Structure formats: structure tokens, C-alpha cells
Amino acid sequence: MKIVFATNNEHKLSEIRDILGDKMEVLSLNDIGCHVDIPETGDTLEENAMQKAQYIYDHYGYSVFSDDTGLEVEALGGQPGVHTARFAAISGFADKDHDSNANVECLLHQLKDQQNRHARFKTAIALILESPSIHDELGGVVHIKLFEGTVEGIITPERRGEKGFGYDPVFQPDGYDQTFAELGVEVKNQISHRARAVKKLVEYLNKQS
């Protein structure tokens, strides 16, 4: 069975392929010839994830899953949320989106006088799965599911560690005295928001395959 993961992030692809093994053939956007900038105009992570998955299903006809991740900081009213990757740009702190260094600096600047450092990372995964069915003349039964994973923690006053990416150097998960960037990929992939959402996705896919 083939399924598209709506990403070209090699790290994400490798992780998913390792987990699923030979149960499913996981294709990237490049693999199906999708090179467009898929719109993400939702007000929530769930809406953005479903928007990307629906686009691939509608235009390419594959079963597909897509993810969206956001950092929610309590003292900032849940921001940056859906704007996590564009936080510095929309805050006037940078000229372009997806500037990880500027995003971290913007966050630390906005929290410099805050005692409340509580934050949450959240990943939403949207799945559109077409399962063959001899009872359906149209070719299959479509399952639409949403999966969520979260991890609680705090934003540290300064960067710590060099093993992560994005906000990892300033996010310290509950139960640990190190940031994601200090813990490293192996530990992060076991306890992170995305790992928890992926686990739910994989459990569901294994039941369908």
C-alpha cells in the first residue's frame, strides 16, 4: 500500500519509514511530483494539517497524511501557535518567514520580563486513507482522522544545546533539566509532541494494513 506524507523533510520521512517498515510505501511530495507551495490558511494546527492532506488527496488521489506543529506559550496567550514558523516575521522581528534564529530571539525578547515561562509543543496529524472495499463501486472507503500529540515544558531564559533545530535550544520539557537541543534527537524522538502524534497515527495505520 502506498501513502503520501505531505512533506519533503528527510528527517521526518526517514523516521516514519523506519517505524512503518515494509507495511506501507511512504512517498514524499517530491516522489509524486508535487512542487507547489500548499496553502496553510487555517486558524488552528488541525485545520492546516487537514488543508494540506486534502489538497494532496484532491489533486493526486493518494492516501495521505500531513502534520503541523506549533509552540503555545502561556504568557503570550498561546502564541505563536499556527504562526510558529513565521513568528519573527509577523512580529516585525525579521524580514522573512522560517528564520529559526530570529524566531528564537523574538520569543526570548517577548518573555524577557516574564516569570511565567510555561509552554507547550503540539503536533496535529491529519490522515485521509482510502481502503479498498469490494462493497464500494467507487473503489474504496475513505477514512478521515486527526491525531494529536503534546509535550509540556518551559522556555529557558537563554539558548542551551546545539543538537536540535527551531525552538529546541530554548524548550525544556517537563521532567528534564535539559532542552531538546541538549537532549539530542534520539531522546527527543521518544518523548516529543510529534513522536506522540506519530505513535497514534502508526497504531491506526497498522490496524488498517
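In this text, all values refer to a predicted model and were calculated from it rather than measured experimentally.
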Pairwise ring pair (Phe, Tyr, Trp, His ring centres under 6.0 Å) hits with a residue in residues 161-181, at least two apart = Phe121-Phe171, Phe171-Phe180
Is a side-chain N or O of [X] found less than 3.5 angstrom from the main chain of [Y], in a donor-acceptor match?
X: Asn103; Y: Ala85; value: yes
X: Thr7; Y: Asn9; value: yes
X: Gln54; Y: Met50; value: no
X: Thr84; Y: Leu71; value: yes
X: Ser14; Y: Glu10; value: no
X: Asn48; Y: Gly42; value: yes
X: His109; Y: Glu105; value: no

Identify, with sequence neighbours excluded, every residue that meets salt bridge (Lys or Arg N to Asp or Glu O under 4.0 Å) alongside Asp174.
-> none
For Lys188, check salt bridge (Lys or Arg N to Asp or Glu O under 4.0 Å) against everything at least two apart and list the hits.
-> Asp168
Heavy-atom closest contact ([X] atom, [Y] atom, distance):
X: Ser100; Y: Gly166; result: OG-CA, 3.9 Å
X: Ile56; Y: Cys34; result: CD1-SG, 3.9 Å
X: Asn116; Y: Glu74; result: ND2-OE2, 2.8 Å
X: Val82; Y: Thr44; result: CG1-C, 3.4 Å

Please walk me through it: do Leu108 and Thr156 pass side chain to side chain contact (heavy atoms under 4.5 Å, CB included)?
-> CA-CA 8 Å; Leu108 292 178; Thr156 57; 5.6 Å; no
Plane angle bin for Phe65 and Phe5 - parallel if under 30°, tilted between 30 and 60°, otherwise perpendicular = parallel
Take atom CD of Glu186 as the centre, draw a 6.0 Å sphere, and report whether it contains more than 12 heavy atoms from other residues, nucleotides or ligands.
-> no
Give a yes or no on this: more than 12 heavy atoms of other residues, nucleotides or ligands lie within 6.0 Å of atom CD of Glu162.
-> no
Are [X] and [Y] close enough that a side-chain donor and a side-chain acceptor fall under 3.5 Å?
X: Glu148; Y: Thr123; result: no
X: Arg117; Y: Gln172; result: no
X: Glu130; Y: Tyr62; result: no

Step-by-step side chain to side chain contact (heavy atoms under 4.5 Å, CB included) determination, Val142 to Leu129 = CA-CA 6 Å; Val142 176; Leu129 182 68; over 6 Å; no
Dump the intermediate steps for side chain to side chain contact (heavy atoms under 4.5 Å, CB included) on Leu29 and His35, then the final yes or no.
-> CA-CA 7 Å; Leu29 293 179; His35 305 294; over 6 Å; no
Between [X] and [Y], is there shared hydrophobic-cluster membership here, with clusters defined by ILVMFWY side-chain heavy atoms closer than 4.5 Å?
X: Val170; Y: Val187; answer: yes
X: Leu13; Y: Phe147; answer: yes
X: Val185; Y: Val198; answer: no
X: Ile38; Y: Ile128; answer: yes

Ion pair check, Arg17 and Asp31, cut-off under 4.0 Å | yes
Would Lys163 and Glu182 pass as an ion pair if we require N to O under 4.0 Å?
-> no
Gln79 and Val73: side chain to side chain contact (heavy atoms under 4.5 Å, CB included), yes or no, with the steps?
-> CA-CA 6 Å; Gln79 293 185 46; Val73 181; over 6 Å; no
Qualifying residue for side-chain contact (heavy atoms from CB on, under 4.5 Å) with Val151, from Arg196, Lys122, Arg120 | Arg196
Supply the atom-to-atom distance Cys106 SG to Asn101 CG, rounded to the nearest 0.5 angstrom.
-> 11.5 Å
